[in-house]
Amino acid sequence: MEQRNPGKHPQPPRREDASHMDYMTEVRNFAIRSWFPEIAGEVGGIAAQAGMPAGISADEYAQLAPEIDRSPAVAGWKRLMRSQQQLAWQKLQDSYAADREFWEGQLTEAEERNPGRLHYDPDFQVPESACEDIHLQPGGYCGDNLAGFVFYHGTRVFYQGDNDRDEIHEACVDDMRLPADGQVRRILDLGCSIGQCTTVLKDRHPQAEVWGLDVALPMLRYAHMRATDMGVDVHFQQALAENMQHADDSFDAVLAYILFHEVPEHTFEPIVREMLRVLRPGGTLTVIDTPNSTVFPTPNWMWKVFDARYNCEPYSQAFGALDFAALLDKVGFEDVRKETTNTFLLNTLATKPG
Amino acid sequence: MNSKHDELSRAQVDRAGLPGPGEEPHFLPHPVMDRLLEAVIVLGGELWIERDRRRALESLLHSKGLVTPEEIETHSETDAQDRQQELTALVTRLLDPLRTMRADG
């Protein structure tokens, strides 16, 4: 069995998988683009009737939640969102598992063809917090050797077709802050997942040594296979973000794309301190993640709480409530700034003092 | 020092409020409604998969001059067993959410 269109934009195993992904993308489009605006109107109305302001706190949302959850529309929307996610993952996972030996062979073959670019210790202990079925993907990032294959196609559905050519990862890299002196010799993609930002970083900075670091070996193995097929020379490493195994002052720039909302609260500060340690003086940090605020519109709270509890993002609310910019200031970063992006995500930029 | 939380791992504390392993929450007034909606989503997916494949197949056949629409209309299946297996698999996928439903949803 030949892998169809290997490399940057592979196809899923069967035509029916692609058809199913198209269908699930449309289901998600319906839920988010057509239905959610109506839900938001209803939820906002409930808040207004209760005399709440446009932006409310978590405690205020908790007061409103019982009435919001009694809405048939809200209940149906939650069911649709959760079932769409579950069914999309499951079909992809079943399809890859049907030819497990072949797909695992693809990963192994890439490691033999391109040695020295995938770094891991077989005795590495994955923390319990990284073993969640994150976003409801069965087995999460760490529990299935084929998780990277499934994740790639599943997130194409998640991005609703807007990232089929890594457009969002390209935008993230283009939004990065870079050192004022223009020296970019080593770059770190922290929480690199399947390496989509990692390969874009190498495209944008071909002279630099680029590292992607993640806790999940199945994702890193897929990232390595993908980069190998693309002919992009980057390194992938299994490590904890709070213990990167890199020297002090060894990176010119660090990017962390949607990492923090998926890690436990007690790791926020250790990770930030580790990023500061590995950056060289004048080195720059770019963190693109869910917005940090204690106040959100009521419909946003409804979605955030749903994601945390029912889309298996258990740590996302703790990061949302964190004053992340203040944390960066506290550990010693300077020139900390927040910028909006073209998506719902927030870009936080900082520099290590020179 | 002896509170329940002290005995829990950090990850377990952070997971408070999430469904446990194997638990499926229900959002609608009765768990059956959740399962029926899931069945409808599955059915829609199966319908689109088949429609998409048929479109591709009929387009190819027609463009190659191999089969006319009339011949498709009047064709009878030769491998009845294979067809029956596909149908059984479809119904299983469609109705399994109901079969696997537990009392607590």
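First the proteins, then the strands, lettered A, B, ... as listed; each starts at 1. Keep in mind it's a predicted model, so treat the numbers as computed, not measured.
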Student: Quick check for you: among A/S83, A/A308, A/A130, A/C131, which has the greatest number of heavy-atom pairs under 4.5 Å with chain B?
Tutor: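 The candidate making the most pairs under 4.5 Å is A/S83.
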
Student: Please determine, among B/P29, B/G45, B/A56, the option with the most heavy-atom pairs under 4.5 Å with chain A.
Tutor: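 Most pairs with chain A among the choices: B/G45.
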
Student: Can you say whether A/Q317 sits under 4.5 Å from chain B via the side chain, the backbone, both, or neither, judging by heavy atoms?
Tutor: neither

Student: Could you look at A/R70 and say if it's the side chain, the backbone, both or neither that has a heavy atom under 4.5 Å from chain B?
Tutor: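 Contact with chain B is absent: no heavy atom of A/R70 under 4.5 Å.
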
Student: Examine distances only and state if a side-chain atom of A/H135 and a backbone atom of A/Q137 form a donor-acceptor pair shorter than 3.5 Å.
Tutor: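 Looks like no, no N/O pair under 3.5 Å.
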
Student: Is it the backbone or the side chain of A/A318 that comes under 4.5 Å from a heavy atom of chain B, or both, or neither?
Tutor: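 Neither part.
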
Student: State plainly whether the residues A/D99 and A/R14 are in salt-bridge range, i.e. N to O under 4.0 Å.
Tutor: no

Student: Classify the angle between the aromatic ring planes of A/F268 and A/F319 as parallel (below 30°), tilted (30 to 60°) or perpendicular (above 60°).
Tutor: perpendicular

Student: Under 4.5 Å, heavy atom to heavy atom, which residues of residues 24-41 of chain A contact chain B?
Tutor: A/M24

Student: Would A/K304 count as a cation-pi partner of A/F296, with NZ or CZ less than 6.0 Å from the six-membered ring centre and within 45° of the ring normal?
Tutor: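 Judged by the rule, A/K304 and A/F296 form a cation-pi pair.
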
Student: Heavy-atom cut-off 4.5 Å, strictly under: side chain, backbone, both or neither for B/V42 against chain A?
Tutor: both

Student: In terms of side-chain heavy atoms, does B/E38 have a donor or acceptor partner in A/Q86 at a distance below 3.5 Å?
Tutor: no

Student: Look at the side chain of A/R79 and the backbone N and O of B/L28, then say whether any donor-acceptor pair between them is shorter than 3.5 Å.
Tutor: no

Student: Report the relative orientation of the aromatic rings in A/H153 and A/Y96; use parallel for angles under 30°, tilted for 30 to 60°, perpendicular for over 60°.
Tutor: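 Because their plane-to-plane angle is under 30°, the rings of A/H153 and A/Y96 count as parallel.
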
Student: Under 4.0 Å between a Lys/Arg side-chain N and an Asp/Glu carboxylate O for B/R35 and B/E24?
Tutor: no

Student: Ring-plane angle category for A/F260 and A/F324, please: parallel below 30°, perpendicular beyond 60°, tilted otherwise.
Tutor: tilted

